[in-house]
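In what follows, a structure is listed as structure tokens, so that the remarks can point back to it.
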Amino acid sequence: MPGPVIQAPAVSAREAEVLTLLGEHLSNAEIAARLFISVRTAESHVSSLLRKLGLPDRRALARHAAELARTEEPRPAPALPAPLTAFIGRARERAELAEAVTSHRLVTVTGPGGVGKTRLALAVAADVAGDFPDGVWFVDLVPVTEPGRVAAAVAAAVGVGEQPGRGVDDAVPAALADRRALLVLDNCEQVRDGVAPFLERLLAACPGLRVIVTSRVRLTVPFERVFPVPPLSRAGGGNSEAVALFLDRAAAAGRLPGPEVGEGVVAVCERLGGMALAIELAAARCSTLGLDGLVAGLSDQLRILAGGPRANDRHRSVRAVLDWSHDLLEPPDQALLRRVAVFVAPFTADAAAGVAGFAPLDRDGVADGLGRLAEHSLLAVTPSATGTRYQALETIRQYGTERLTGAGELTDVRSRHLSWCLAGADALAGVGGADWRARFDAVAEDMRAALTWAAEQPERRADAHRLALSLAGLAFTRNLLGEAQQRLEQAARLADADAAAVALRRAAAVAGCRGLGDDMFRLHRAAAEAARRAGDTVGAGRDLATAATVAYRFSSSFTRVPSAAEAVALLAEARELAGDAPAAEAAVALAEAAVVADAFGAVQGDTDNTARETIGFAERAVELARRAGDPVAESAALDALSGARSWAGEPFAAAAAARRRIDVLTSAPASPVGPHEPPPFPAGSRELIDAPAGTHELIDALAMAAGTALGVGALPEARRWGGRLAGHPLLAEAGHHATSWLLVADALTGDAGEVLAGSVRFRDAWERSGRGRSFSLGPAAASVAMIHGLRGDHDARRTWLAIVDEAGTGPEHRRGYGAVFDATVLLHHGDADAALERVAPEPEQVWKWVSWIWLHWYTALRAEAAVLAGHPDARDRIASARIVTAGNPVASAQVDRAEALLDGDPPRRLAAAAEAFEAAGCRYQAARTLVLAGGEHAAAGEAALAGLGLTPGAAR
């Protein structure tokens, strides 16, 4: 009895094509090019054939293919043109279009001229050819100028001739009636009126037929599936589809750009909007112009992107493609196309009506015209949250601008566009709402373009100044601080001297929000010069005094710290100019507190500063600012007073002054706005109020309030202020600064989970920002290191201590907060001797580094370390610490704990200390105190430490 018949796995149509080409001894790359597939796909088919046919290698496959060619009738080959260049990219579109072709009878591939419709259709036709055993045909309708000749062109391609008694319109459906075939009709837009009825009859008569149409305009028949072709993707930078196409075509032209010019290629492709034809033509010029010449020449894409002779004259240049498209339009649509070229971002029909809707166009008919342009793929239609929008590719915009110039309408249309942008800025300024950002983003690019144009037109200088101020306010509200500063500086250049000074002062405030001390200093000095030119000597004096204050108050944010002599000179000049005007007098008083008394503890200040008169300087500045009615100036003066109280060893008074700053700022009419509120200027006014300065002050005040609250052991309050800082919208992209004080507060509280979670945001933002250094970043990083130390993860602790070295400043870490955090970890692990060594200096020796926040923590730790290490002066240190830390609930509890340990009576008194720590919100020290108490308390303490995510260490 014969055995079962074992059938070989079926070979797919595509695999059969690959096998045939293997018989021709083609490489995988050559097979891929021939079949319009990727090399990886070709390799996959070869592997599949080896497995299915049970053959050992490629040579055996080639022999097998040759044998089949001798014994079998060949399958119908796709009747497709063979492109001379490889098909690049579009993997997603290729797969989606192939799926559409297999699911729908008619698929219309739409897009502007040169976007790559034809190449995509050819590639997909080749991909799915195996599903159409009766043939694949390609019909180019470019030569057809009469709609009635469409059937004849198809008949010629398919090989159907006219028959007696039957016209060609009937012959084609009859010939294809029982065929399972694919028909590709290319470039149908100019004969759309002939294609649509022909295909309706053809598809009704031929149930096995599928059709791919390429056209700038959809056919608008009910059974049509439209497939828009987007520009080539630029996602991925140097690895994008657009760049791959450029590099391939550049190599074919004799020059392959090296890796050192990769960014230039990316820029070229981005400038060309991913338009395939434009990229190909640009790459072809690369060998003669070089990439730098090409980039320079792209200011006139339409001139430079002219290719040599090609079979299709429409593709000799981008201009030829667009001329051909333009000439198909009716005159009103031609006018609309050139006028909407001024829009650089997707625009609404209403916007187009406002800018382009003037004679000979009818404003009410603009919407219909946009629809027609979109149908011709000269505009892309984009749905958005704010309604349907239209957009032209950059190359089409340049073409439209040329036409606009030729029609003598350029100045008129750009002026109308500028007016539309100004009106849009007013509208955005007058209202808020959750969608404010989206509405701003939708028009921002057009505002920028209008400003660029207006700034170069002398007669439009006033409008340019107005738009620059508007855009600055909008950008500030949108948290685009760099642009806000840029626009304010631009506004200053466009304004007279008096208005320039105002803009420069506000630019300096924005620079403050950005943490750019150098820019603050430069801009205040520039404002002084502008005020002097305007004859405002008082204003100039105020600006110079403010510059001197900035040099000391924000010294850690400078890349080049102004010298003490430079600040003193500015202060002297400010005194001469300011006179007795209240605001200027207050500014001079604050500068004196900063420069003369070093109230802020500046980098260039005296490290031994303990001047008692500092408080007097600061109090005078506060009083003068209050009289002047300037909440921002009063906040700055209170900051000086807070620092002065700190230097005087009065941390509670320092914390109170810091809290007053927040009260002053949040109760002022010009207080900063929230993320969904209107921009920082009133509706109908172009005059910015001091929102940037107020916002800068509030951010600084929140940080100082959190820090000084930590200094007096007010942990819940410190967490509250730190949390407000962390959630401030202006710091959304500056997570390291936003989370800095909250990290410290959470670490001192002992909440390891919160610290570890916050440390991710901190580190990511810090690294993204360039790994900068400031007074607040060092303590934050050190607090994370401390938590890792308390968890017993010493590798992670070393990693974060290395971050401290980069993010903080050395003296503060060695002698201030670093000593506090390191000693805490050492005591946790039972190394009292090392802890004692870490806090060995007397507080007077490290006064500048501990006086602001760390004095109480440092003093209490010195007392406890002395007790645990058996230092002979332990009791004296406890007595001294008790005086210094009086009123601080955390530090006082730590001193009580130290005394209880020294007295050898831990259980009762330590349990009371644990309760005090718990009441103060310091859960870590509460848990550690229970562990130190021993006995029945130890287990509860260890459980509490575990709940915090910490280890018991060697506390017992």
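None of the values given here were measured: they were computed from a predicted structure. All values below were derived from every heavy atom in this structure, side-chain atoms included, with hydrogens, water molecules and symmetry-related copies excluded.
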Looking at E806 and R771, does any basic side-chain N land under 4.0 Å from a carboxylate oxygen? yes
Look only at the side chain of W647 and the backbone of D598, and say whether a donor-acceptor pair between them is shorter than 3.5 Å. yes
Determine the minimum heavy-atom distance between V804 and A782, stating which atoms define it. CG2-N, 3.3 Å
Mind checking side chain to side chain contact (heavy atoms under 4.5 Å, CB included) for R461 and listing every partner two or more places apart, or none if nothing turns up? L494
What one should report as the nearest heavy-atom pair of R761 and L731 is NH2-O, 3.5 Å
Has the side chain of T859 got a donor or acceptor atom that lies under 3.5 Å from a matching backbone atom of A881? no
Would you say the side chain of Y817 lies within less than 4.5 Å of the side chain of I853, judging by non-hydrogen atoms? no
salt_bridge(R661, D700) N-O dist < 4.0 Å: yes
List the residues meeting ring pair (Phe, Tyr, Trp, His ring centres under 6.0 Å) with W854, not counting sequence neighbours, and say none if there are none. F821
Any chance you could lay out the side-chain contact (heavy atoms from CB on, under 4.5 Å) test for R660 and V622, step after step, and finish with the verdict? CA-CA 11 Å; R660 278 178 60 195; V622 171; 4.0 Å; yes
Are side-chain heavy atoms of L855 and W849 found at a separation under 4.5 Å? no
Is W857 reaching over with its side chain to a backbone N or O of L710, donor-acceptor style, under 3.5 angstrom? yes
Under the criterion side-chain contact (heavy atoms from CB on, under 4.5 Å), I'd like the reasoning laid out for L742 against L725: C-alpha separation, chi angles, the key distance, then a yes or no. CA-CA 8 Å; L742 185 59; L725 185 68; over 6 Å; no
Verify, without hydrogens or angle tests, whether S646 (side chain) and S642 (backbone) share a donor-acceptor contact under 3.5 angstrom. no
Indicate the atoms forming the closest heavy-atom contact of A745 with R719, along with that distance. CB-CG, 3.7 Å
To the nearest 0.5 Å, what is the distance between CG (L730) and NE2 (H737)? 11.5 Å
If we only count heavy atoms from C-beta on, is the R627 to E585 side-chain gap below 4.5 Å? no
Looking at every non-hydrogen atom in both residues, tell me the closest pair between A499 and A495 and how far apart they are. CB-CB, 3.6 Å
For side-chain contact (heavy atoms from CB on, under 4.5 Å), just list the numbers for D805 and H813, CA-CA rounded to whole Å, side-chain angles, deciding distance to a tenth of an Å, and then say yes or no. CA-CA 8 Å; D805 289 340; H813 182 230; 4.3 Å; yes
Closer than 4.0 angstrom, basic N to acidic O: yes or no for E566 and R525? yes
Determine whether a donor-acceptor pair (N or O, by modelled atom type, separation under 3.5 Å) exists between the side chain of S892 and the backbone of T885. yes
Could R659 and E717 be called an ion pair, given the rule that one side-chain N must be under 4.0 Å from one carboxylate O? yes
To the nearest 0.5 Å, what is the distance between CG (D822) and CZ (R838)? 4.5 Å
So how far is it from S635 OG to L665 CG, rounded to the nearest 0.5 Å? 4.0 Å
Which heavy-atom pair separates P729 from N479 by the least distance, and what is that distance? O-ND2, 2.6 Å
Out of curiosity, T546 OG1 to L523 CG, how far, rounded to the nearest 0.5 Å? 12.5 Å
For S555 and A551, indicate whether the former's side chain and the latter's backbone hold a donor-acceptor pair under 3.5 Å. no
Between the side chains of E623 and R620, is the shortest nitrogen-to-carboxylate-oxygen separation below 4.0 Å, so that they form an ion pair? no
Are V664 and E697 packed together at the side-chain level, in the sense that at least one heavy-atom pair is separated by less than 4.5 angstrom? no
What distance do R560 atom CZ and S563 atom OG have between them, rounded to the nearest 0.5 Å? 7.0 Å
Salt-bridged, R645 to E619, with N to O below 4.0 Å? yes
Between R862 and E842, does the side-chain contact (heavy atoms from CB on, under 4.5 Å) criterion hold? Intermediate values first, please. CA-CA 9 Å; R862 287 187 84 244; E842 295 285 344; 3.6 Å; yes
Name each donor-acceptor pair under 3.5 Å that joins a side chain in residues 483-493 to protein atoms two or more places apart or in another chain, with its distance.
| residue | atom | partner | partner atom | Å |
| --- | --- | --- | --- | --- |
| E483 | OE1 | R448 | NE | 3.2 |
| E483 | OE1 | R448 | NH2 | 2.7 |
| E483 | OE2 | R448 | NE | 2.8 |
| E483 | OE2 | R487 | NE | 3.1 |
| E483 | OE2 | R487 | NH2 | 3.2 |
| Q485 | OE1 | R514 | NH1 | 2.8 |
| Q485 | NE2 | E489 | OE2 | 3.1 |
| Q485 | NE2 | D519 | OD2 | 2.9 |
| R487 | NH1 | Q490 | OE1 | 3.0 |
| E489 | OE1 | R522 | NH1 | 3.3 |
| E489 | OE2 | R522 | NH2 | 3.3 |

Can you find a heavy atom in the side chain of L516 that is under 4.5 Å from one in the side chain of F558? no
Rounded to the nearest 0.5 Å, what separation is found between the CG atom of L544 and the CG atom of L570? 6.0 Å
Any non-hydrogen side-chain atom of L474 less than 4.5 Å from a side-chain atom of M447? yes
Less than 4.5 Å apart, any side-chain heavy atom of Y552 and any of V603? no
Among all residues two or more places apart in sequence or in another chain, which pass the ring pair (Phe, Tyr, Trp, His ring centres under 6.0 Å) test with H856? F652
Given 3.5 Å as the limit, does a donor-acceptor pair link the side chain of S470 with the main chain of R466, or not? yes
Restricting to non-hydrogen atoms, name the atom on G711 and the atom on N888 that form the minimum distance, rounded to 0.1 Å. O-ND2, 3.4 Å
Does C922 offer a backbone N or O that forms a donor-acceptor pair with the side chain of T749 under 3.5 Å? no
Salt bridge check: are R542 and D630 linked by an N-O gap of less than 4.0 Å? yes
Between the main-chain N or O of T559 and the side-chain N or O of D518, is there a donor-acceptor pair closer than 3.5 Å? yes
Less than 4.5 Å apart, side chain to side chain, heavy atoms only: is that true for E576 and T537? no
Ring pair (Phe, Tyr, Trp, His ring centres under 6.0 Å) with F617: which residues, sequence neighbours excluded? none
Report the relative orientation of the aromatic rings in H696 and F554; use parallel for angles under 30°, tilted for 30 to 60°, perpendicular for over 60°. tilted
Are W436 and F440 close enough that their ring centres sit under 6.0 Å apart? yes
Please name all residues satisfying side chain to side chain contact (heavy atoms under 4.5 Å, CB included) with D536, sequence neighbours left out, ordered by chain then number. R505, A531, V538
